[in-house]
Number of protein chains: 2
Amino acid sequence: MTMPVSTEMRDGLREHRRKLTRPRQAILDIIASAAHHLTPAEIHKLARKKYPHLGLVTVYRTLDLLTEFGYVQRVHFADGCHSYAASAQEHAHHLVCSSCGKAQAFADCDLEPLIASLQRKTGYEINLHVLELMGKCPDCSTRAVALGKNGKRK
Amino acid sequence: MTMPVSTEMRDGLREHRRKLTRPRQAILDIIASAAHHLTPAEIHKLARKKYPHLGLVTVYRTLDLLTEFGYVQRVHFADGCHSYAASAQEHAHHLVCSSCGKAQAFADCDLEPLIASLQRKTGYEINLHVLELMGKCPDCSTRAVALGKNGKRK
DNA sequence: ATGCTAATCGAAAATCTTTTTCAATTACAC
DNA sequence: GTGTAATTGAAAAAGATTTTCGATTAGCAT
C-alpha cells in the first residue's frame with residue numbers, strides 16, 4: 001500500500017525467482033521514482049548515473065520482465081508508443097499532457113458495461129484494454145494564455 | 001454515408017489541395033478495402049501489386065497525410081503500435097484479437113462521464129483518447145478448444 | 001492541347017529503435 | 001566457499017522511420 005513502488009518490484013522479482021542485480025536496481029529506482037513515463041533510452045541515460053556500466057540492452061530486457069510481471073506499463077500516445085511508466089496498481093491508465101508530456105495515472109476506468117456489451121455482440125473474450133487520454137495540463141494551459149499563441153510539436 | 005471509404009479519402013485529398021497520384025491511389029485502395037489493420041510494410045507489399053514502382057517512403061508519407069486528415073488511425077496494441085486502419089467514422093476504436101490479430105472497429109465508447117470527472121479532478125483539458133480492447137476472437141477460441149493447449153506468441 | 005509550378009515521387013543514405021548472439025560475470029541457494 | 005543457472009555488456013544484426021535530393025507529375029491557367 002504505502003510501500004515504495006521500487007520495494008514492490010524487488011519483491012516481485014524475488015517471487016518470480018529472478019535475481020536482483022545492480023543493473024536492475026538502478027533501472028527499478030529510476031522507473032519507480034520517475035514523475036512521468038520514460039522511453040528506454042531515457043531510462044538508460046538516467047540509470048547510468050547510478051550504474052555507469054549499464055547497457056541499453058539490459059534496459060529493454062528489464063522492461064520486458066517488469067511488463068510481464070505487471071509492474072510497468074507501456075504508455076500509448078496518439079502518435080507512438082515508446083514510453084513506459086510504473087503501474088502503481090495492477091491496472092492503470094494515463095492522462096498525458098499533449099504539450100509537455102507530463103502524465104498522471106488513474107485507475108477507475110469503468111469500462112465494464114462497454115466490454116460486456118461488446119463481448120455479447122462480437123463473441124470476443126476481452127481480457128485486456130489500452131486506454132489513454134490526452135489533453136493540455138493546467139500548467140500548459142496557463143502558460144499558453146500567458147504567451148499568447150502556442151505552437152505545435154513536430 | 002454509404003459512400004466507399006476510398007472515395008471519401010479521395011475527396012478529402014482534393015479538399016486539402018493535395019494531389020491524387022497513382023501511388024496514393026494504390027495505397028488508398030488497399031487501406032480502404034482491408035479487412036483489418038496493416039503495418040506500413042504490409043501496405044507497401046499489397047499496394048505494389050497495383051503499382052509495382054511504389055516506394056515504402058511514400059507509404060509512410062501517405063499514412064501521415066491520411067492520419068492528419070483523420071481518414072486513418074494508428075491501432076494500439078498492448079505490445080506495440082505499428083499498424084494502421086481506415087477510420088470509418090471520425091472516431092473509432094478497435095477490438096483486436098490477441099491470437100490472430102484480426103480487428104473489428106467500434107465507435108460507441110461512452111467515455112464522457114469518465115472524461116468529465118477527470119477534467120474536474122485534474123484540470124486537464126482532455127481532447128483526445130486512445131481506447132483499444134484485446135481478446136480472443138470467436139474463431140480463435142474455437143480453434144484453441146479444437147487443438148487443445150494453445151501456445152503464446154513470441 | 002500546352003506550359004507552368006508546386007507537390008510528389010523513389011532511391012539511397014542516415015537515424016533510430018529493438019533484438020540476437022555470445023563469451024564473461026554474478027546472484028544466490030546449498 | 002562452491003556450483004550453476006540467470007544475467008550482463010558489447011557488437012552486430014535486424015527493423016522501423018526519416019531525411020535528402022534530383023527527377024517526375026498532377027492539376028490549374030492559359
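Side chains are part of it too, since the values below use all heavy atoms of this structure and drop only hydrogens, waters and symmetry mates. These numbers were taken from a predicted model, which means no experiment stands behind them. Here is how names work: the chains are called A, B, and so on, in the same order as the sequence lines, proteins then strands, and each is numbered from 1.
Rounding to whole angstrom units, CG of residue L56(B) and P of dA13(C) are separated by 16 Å. Atom pair H44(B):NE2 and dC9(C):C1' shows a separation of 12 Å (rounding to whole Å applied). Here the P atom of nucleotide dT17(C) and the CG atom of L38(A) are 14 Å apart, to the nearest Å. With rounding to whole Å, R74(A) atom CZ is found 7 Å from dT18(C) atom P. For L63(B) and dT17(D), the CG to P distance is 10 Å, given to the nearest whole Å. Between Y84(A) atom OH and dT17(C) atom P there is a gap of 12 Å when expressed in whole angstrom units. Regarding Y60(B), its OH atom lies at a distance of 14 Å from the P atom of dT17(C), rounded to whole Å. The separation between I27(B) atom CD1 and dT8(C) atom P is 12 Å, rounded to whole Å.
V57(A) and L38(A) fall into different hydrophobic clusters, defined by Ile, Leu, Val, Met, Phe, Trp and Tyr side-chain heavy atoms under 4.5 Å apart, directly or through other members.
Across dA11(C), dT8(D), dT17(D), the shortest atom-to-atom separation from the side chain of H53(B) is found for dA11(C).
With sequence neighbours left out, C81(B) forms a disulfide (SG to SG under 2.5 Å) with C81(A). With sequence neighbours excluded, the residues that form a salt bridge (charged side-chain N to carboxylate O under 4.0 Å, His left out) with R14(B) are D11(B).
Annotation: of the two residues near DNA chain D, V59(A) and P40(B), the 5′-most nearest-nucleotide partner is V59(A).
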Show the numbers, then the answer: is there a side chain to side chain donor-acceptor pair (under 3.5 Å) between E125(B) and S141(A)?
CA-CA 8 Å; E125(B) 291 170 31; S141(A) 291; 2.9 Å; yes
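Judged by distance alone, the side chains of H94(B) and H36(B) never bring a donor and an acceptor atom under 3.5 Å apart. Between the side chains of Q104(B) and T122(A), no donor-acceptor pair is found at a separation under 3.5 Å.
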Under 3.5 Å, sequence neighbours excluded: what are the donor-acceptor pairs made by side chains of residues 18-32 of chain B?
| residue | atom | partner | partner atom | Å |
| --- | --- | --- | --- | --- |
| T21(B) | OG1 | R24(B) | N | 3.4 |
| R24(B) | NH1 | K19(B) | O | 2.8 |
| D29(B) | OD1 | R10(B) | NH2 | 2.7 |

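Side-chain N or O atoms of E132(A) include none that pairs as donor or acceptor with a backbone N or O of V130(B) at under 3.5 Å.
For the ring-ring contact (aromatic ring centres under 6.0 Å, His included) condition, the pairs that include at least one residue of residues 48-70 of chain B, sequence neighbours left out, are H16(B)-F69(B).
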Each nucleotide N or O in nucleotides 1-3 of chain D that has a protein N or O under 3.5 Å away: list the pair and distance.
none

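When heavy atoms are screened at a 4.0 angstrom cut-off, R24(A) is found touching the sugar-phosphate backbone but no base atom.
In this structure, H82(A) reaches the dT18(C) phosphate: one of its side-chain N or O atoms is under 4.0 Å from OP1 or OP2.
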Per-nt protein contacts along nucleotides 23-30 of chain C (heavy atom under 4.0 Å; B base, S backbone sugar-phosphate only, - none) come out as ---BBS--
